[in-house]
Amino acid sequence: MEHVLVATHLNVQPGECIKVKGKIFPEAKRFAVNVGKDSGNLMLHFNPRFDSHGDVNVIVCNSMEDGRWGTEEREADFPFQQGDKTEICISFDTTELTVKLAGDKEITFPNRLGLENIEYLSVDGDFAIKAIKFS
Ligand SMILES: CCCO[C@@H]1O[C@H](CO)[C@@H](O[C@@H]2O[C@H](CO)[C@H](O)[C@H](OCc3cn(Cc4ccccc4)nn3)[C@H]2O)[C@H](O)[C@H]1NC(C)=O
């Protein structure tokens, strides 16, 4: 997937929130929000798939360590629609990450890398960013 945005040299602390607001393309196949240390060390690859890799309307979450993917987790909820505006809020602590989604849905994912801060954010795929907010 092509990068829509890459932010580096961040210093997001546990309990702080990374808010990504934007619009999903009308014909979107997939998009991803990645947070971690750098492009090869991701605490979370958050990847909603509308129709990609044989997945239809599934959120795939994974981690990446030294360029190698971890074990995927697939979520039951899929609060996304092609063409819609959406906002996700990622926060973390030493044990897990929390992704707040529209409709008060929430997804958690283990902090497998045990990172104490987030230095890297990228947004990839069929998504037009409106705003990024660190709070
Ligand atoms: C059933 C046997 C094959 O399993 C499939 O294996 C595919 C290839 O690993 C899985 O698709 C990959 O899943 C990853 C998350 O686990 C990512 O979503 C992959 O796409 C995003 C992506 C990022 N990058 C950049 C990259 C790649 C390597 C190192 C550094 C950056 N390349 N592809 C995406 O290609 C796909 O989710 C997986 N499907 C299942 C059902 O397990």
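We count ligands from 1, going down the list as the structure has it; atoms in each ligand are counted the same way.
Shown here, atom 32 (N) of ligand 1 is out of close reach of the protein: none of its heavy atoms lies under 4.0 Å off. Distances from atom 13 (O) of ligand 1 to the protein include at least one heavy-atom value under 4.0 Å. Within 4.0 Å of atom 21 (C) of ligand 1, at least one protein heavy atom is present. Within a 4.0 Å radius of atom 1 (C) of ligand 1, the protein contributes no non-hydrogen atoms. Using a 4.0 Å threshold on non-hydrogen atoms, atom 28 (C) of ligand 1 counts as touching the protein. Proximity of atom 9 (O) of ligand 1 to the protein is not indicated, since no non-hydrogen protein atom lies closer than 4.0 angstrom. Distance check on atom 4 (O) of ligand 1: every protein heavy atom falls at or beyond the 4.0 Å cut-off.
Not one N or O on the side chain of Glu119 forms a donor-acceptor pair closer than 3.5 Å with the backbone of Leu10. At distances below 3.5 Å, not a single donor-acceptor pair connects side-chain atoms of Asp55 with backbone N or O atoms of Val58.
Scanning the protein heavy atoms around atom 7 (C) of ligand 1, the nearest turns out to be His53 CD2, 4.3 Å. Of the protein's heavy atoms, Trp69 CZ2, 4.7 Å lies nearest to atom 25 (C) of ligand 1. Among protein heavy atoms, the minimum distance from atom 16 (O) of ligand 1 is reached at Glu72 OE2, 2.6 Å. Given atom 17 (C) of ligand 1, the protein heavy atom at minimum distance is His45 NE2, 3.3 Å. In this structure, atom 26 (C) of ligand 1 lies nearest to the protein heavy atom Met64 CE, 4.0 Å.
In this view, Lys85 and Lys23 satisfy the side chain to side chain contact (heavy atoms under 4.5 Å, CB included) rule, not counting sequence neighbours.
Using cut-offs of 30° and 60° on the angle between ring planes, the pair Phe46 and Phe80 is perpendicular.
A salt bridge is absent between Glu65 and Arg112: the closest approach of a Lys/Arg side-chain nitrogen to an acidic carboxylate oxygen does not fall below 4.0 angstrom.
Using modelled atom types, one finds no donor on one side chain facing an acceptor on the other under 3.5 Å when comparing Asn62 with His45.
The distance criterion of under 3.5 Å between nitrogen or oxygen atoms is not met by Asp55 with respect to ligand 1. An N or O contact shorter than 3.5 Å is missing between Ser39 and ligand 1 by distance.
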Test salt bridge (Lys or Arg N to Asp or Glu O under 4.0 Å) on Arg74 and Glu72 and set out the steps. CA-CA 7 Å; Arg74 276 167 164 71; Glu72 294 185 350; 2.3 Å; yes
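Note on ligand 1: Arg74 sits in its first shell, one or more heavy atoms being nearer than 4.0 Å. Within the structure, ligand 1 has Arg49 among the residues with a heavy atom less than 4.0 angstrom away.
The residue Glu73 has no part lying near ligand 1, judged by heavy-atom distances below 4.0 Å.
When ring centroids are compared, Phe92 and Phe109 stay outside the 6.0 Å threshold. Taking the six-membered ring for Trp, Phe25 and Phe31 have ring centres at least 6.0 Å apart.
Applying the 4.0 Å criterion to heavy atoms of Gly67 picks out, from ligand 1, the atoms 29 (C).
Contact annotation: the side chain of Val20 never approaches that of Leu5 to less than 4.5 Å [non-hydrogen atoms, C-beta and beyond].
Leu113 is connected to Val12 through a chain of hydrophobic side-chain contacts under 4.5 Å among Ile, Leu, Val, Met, Phe, Trp and Tyr, so both are in one cluster.
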